[in-house]
> 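Have a look at this one before I ask anything.
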Amino acid sequence: MAYDSISIADNTTVVGGPSSVANRKDLLKRERIDEYDSSSADYPKKVPLHEFSRNTDYAMQERPFFVPISTKDGVIAALKKIDVQLRSSGRNGLLSHKGSLSTSGLLEKEVAPGTLGLIKHGGLPKILTTPGRYPGFPLRNWWAREWCGTKGLSDTAIEFQGLTVVQVSQNQAAVVSDPQNHIFVVKNSGFVAYAIDGTYDVLAIVDQTHLPNVIKDSVTGAILGSISEIKMRSRVDSGKPQEYVVALFLNIPASNCAILQRGDDLELLPAGQHYITNPNVTLRGLFTLGENQLEMPTKDIFTRDQVPVGLRIYLKWQLIEPLKLTTHGYNTPYDALRDKTQSILTQIVAHLDYSSMVKQRSLGPDNLDDGTDPSSAFLDALRTRAMDEMHEAALEYGIILKDLAVIDRQFKGEIASTMDKLTTRALQAQVEAANVDRENSNKVKQEEGALAVAHIKAQTRNTQADSEAYGVIAAAKAQAERTKIEAFAEAEAIRLTAEAEAQAIRVKASADAQVTDQFARGMEMRRMEVARVKAFGDKTVFVSADGPGMEMGNAMAIGMAAGMGNNARS
């Protein structure tokens, strides 16, 4: 089993994980070697590591009284092994032979289950591993012995009189210095060691998922990762103690990476949890492999007619090969793009006149024209030459340039001020003309709107008149139909009445005809005479219409008319 800064269960090495190396002469050179892995307690397995990880495995060296803690047996078994080694070498054992009591007494010391009892015996450690109550003086021999309390069996680190016990969990890592001041890291395991010459010092217990120092990109503000430096205090020439960095832990998020350097060689460290203990390996920098965008001002550039102009450009890029970037000596993609962009824009603007740039403020897909605009030269140069050269130059640094746009420009100097005034006047005239056109257009639109409204109103009135006419026609048709139905009904009623009366007359006549008695007929005639007189009055004179009676009737009518005329005149 191994406990060092070289190889850990999750393929973490001295630089903590799978990696790639690039030399300045060959960026794509890769090499893999084998080293031991400490994830297994009894059978170390081979894992592929890089050349940067070729380092002495200090924890795996043969050293006296150093026992790994087995995942099966635990701390007590490791303490027993060291006790056997000490006694075999002629030294005092580590485990105490004091026995515990079954009953309580005076001056006793108690060791609870899950703890270790610590006793200092003449400057040497003694350990009580059996839980129970241990009587004090004078019931037991405590000569030159001192009770120092208890420690938990599961404590992460125990240091007592030269005895060192280290146990770390999954996310923890212990940084340890051995008696020869060699630094090694223990992860997901532990060890028990007793130092005869020197000490095993636990320098730090690191939570690898929550490192204190967060590193951000100074340009874009993106989080690149977090680091933690582990320092060891040393005294030099009897002076004041000084601290020195002995281990560096890194937590690199997804889509990010780190570049390590050893001499002229560079190594790409992928995302994950890593640590560095090799003094020859340094952290060159942290990088993000995701997309980035930034607005960047340029230095003053002179046009062909010597007018200084300052541009503000928009860049969007993605770093895909950080090794190329660092090989060229740049610490951030922004530094590389800034220098190359300044150089290319200087060459482009130096061949353009002030008049070809004065109108253009931005570059993008919405600004494409047919070449008739005075700013077309500037636009065409930026669309073709600038983008092509920038893309090609960015690839040399391992960067893909995804977008380039000039979002603003500012002319400087007296010539620019004079030209700006002239341009401002021309623009004002254009603005005024545009305003007049806009007003005329608004008036035309208003008239067109009023005409449309009148047309709609006329259509509404026509529709309403058609509706009213249809209503009148429908009412007339209904009235005519009603009158027709009423006439038909009245005629039918008259016809039925006449038929009924005729039928009654016929029945009555038939009945009268059937009367044969003369007296009955005479009585009927008299009754009819009575009914006629009753109907016309008792002063009515009935004259026969045939023969002499007719003439008498006419004479009486004439006399009556004459009498009525005289009465009227009087």
Side-chain angles (χ1 to χ4, degrees), residues 2-22 35 38 47 49-59 156-157 166 168 170-178 180-188 200-218 223-234 241-254 256-288 322-323 326 331-332:
Y3 311 91
D4 61 348
S5 61
I6 303 299
S7 170
I8 305 299
D10 56 355
N11 293 340
T12 305
T13 71
V14 77
V15 289
S19 58
S20 61
V21 164
E35 190 54 80
S38 64
V47 294
L49 301 178
H50 196 271
E51 182 183 358
F52 280 15
S53 300
R54 269 183 199 161
N55 208 15
T56 304
D57 190 348
Y58 298 121
T156 301
V166 175
V168 289
Q170 293 179 352
N171 291 330
Q172 291 179 328
V175 183
V176 183
S177 171
D178 68 359
Q180 288 75 36
N181 286 336
H182 293 158
I183 306 299
F184 61 94
V185 176
V186 179
K187 295 177 64 179
N188 300 334
Y200 288 91
D201 297 326
V202 180
L203 302 180
I205 303 296
V206 180
D207 183 358
Q208 297 184 96
T209 58
H210 298 85
L211 301 181
N213 300 321
V214 177
I215 305 300
K216 294 184 177 181
D217 192 322
S218 59
I223 296 179
L224 304 178
S226 55
I227 64 173
S228 177
E229 293 182 343
I230 307 304
K231 299 180 179 181
M232 182 175 68
R233 184 179 295 272
S234 300
Q242 297 182 3
E243 290 186 342
Y244 300 89
V245 177
V246 295
L248 176 64
F249 284 81
L250 299 94
N251 186 14
I252 306 175
N256 290 357
C257 65
I259 300 296
L260 303 181
Q261 181 174 356
R262 187 178 68 181
D264 287 339
D265 293 332
L266 299 175
E267 176 176 343
L268 176 64
L269 198 62
Q273 299 174 358
H274 312 276
Y275 57 87
I276 304 172
T277 58
N278 191 333
N280 297 324
V281 178
T282 58
L283 176 63
R284 176 66 181 271
L286 295 172
F287 300 91
T288 177
L323 288 175
T326 52
N331 294 324
T332 63

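If you're wondering where the values come from, they're calculated on a predicted model, not measured in any experiment. Atom set for the values below is all heavy atoms of this structure, side chains included, hydrogens, waters and symmetry mates excluded.
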> Test of understanding: with side-chain hydrogen bond (donor to acceptor under 3.5 Å, both in side chains), list the residues that count as partners of N331, not counting sequence neighbours.
none
> Check for a donor-acceptor pair, side chain of N256 on one end and backbone N or O of L224 on the other, with a separation under 3.5 Å.
yes
> For the atom pair CG (D264) and CG (L266), what is the distance rounded to the nearest 0.5 Å?
8.0 Å
> If you measure from OG on S226 to CD on Q273, what distance do you get to the nearest 0.5 Å?
9.0 Å
> Which pair of non-hydrogen atoms, one from V168 and one from A173, has the smallest distance, and what is that distance?
CG1-C, 4.2 Å
> What residues form a side chain to side chain contact (heavy atoms under 4.5 Å, CB included) with Q242, not counting sequence neighbours?
Y244
> Between I259 and L268, is there a side-chain heavy-atom distance shorter than 4.5 Å?
yes
> Quick one, L283 and L260 - any side-chain contact, counting heavy atoms below 4.5 Å?
yes
> Donor-acceptor check, side chain of Q170 to backbone of Q172, threshold 3.5 angstrom: yes or no?
no
> With side chains defined as the heavy atoms from C-beta onward, is the minimum distance between N213 and L211 less than 4.5 Å?
no
> Return the CG to CE distance between N181 and M232, rounded to the nearest 0.5 Å.
4.5 Å
> Can you name the one residue among I230, N278, I227 that meets side-chain contact (heavy atoms from CB on, under 4.5 Å) with L248?
I227
> With side-chain contact (heavy atoms from CB on, under 4.5 Å) as the criterion, how do V185 and V206 come out once you've worked through the C-alpha distance, each side chain's angles and the decisive distance to 0.1 Å?
CA-CA 10 Å; V185 176; V206 180; over 6 Å; no
> Please check if the side chain of R284 supplies one atom and the backbone of T326 the other of a donor-acceptor pair under 3.5 Å.
yes
> Side-chain contact, heavy-atom cut-off 4.5 Å: N251 with F249?
no
> Please report the closest heavy-atom contact between P253 and A271, naming both atoms and the distance.
O-CB, 3.1 Å
> Do I183 and L203 have side chains that get closer than 4.5 Å, going by heavy atoms?
yes
> So, taking the atom named NZ in K216 and the one named CG in L286, what distance separates them when rounded to the nearest 0.5 Å?
14.0 Å
> Report the residues that fulfil side-chain hydrogen bond (donor to acceptor under 3.5 Å, both in side chains) with T156, sequence neighbours left out, ordered by chain and then residue number.
none
> I'd like to check Y275 versus V175 (side-chain heavy atoms, cut-off strictly below 4.5 Å). Are they in contact?
no
> Once you round to the nearest 0.5 Å, how far does CG of N280 lie from CD of Q261?
11.5 Å
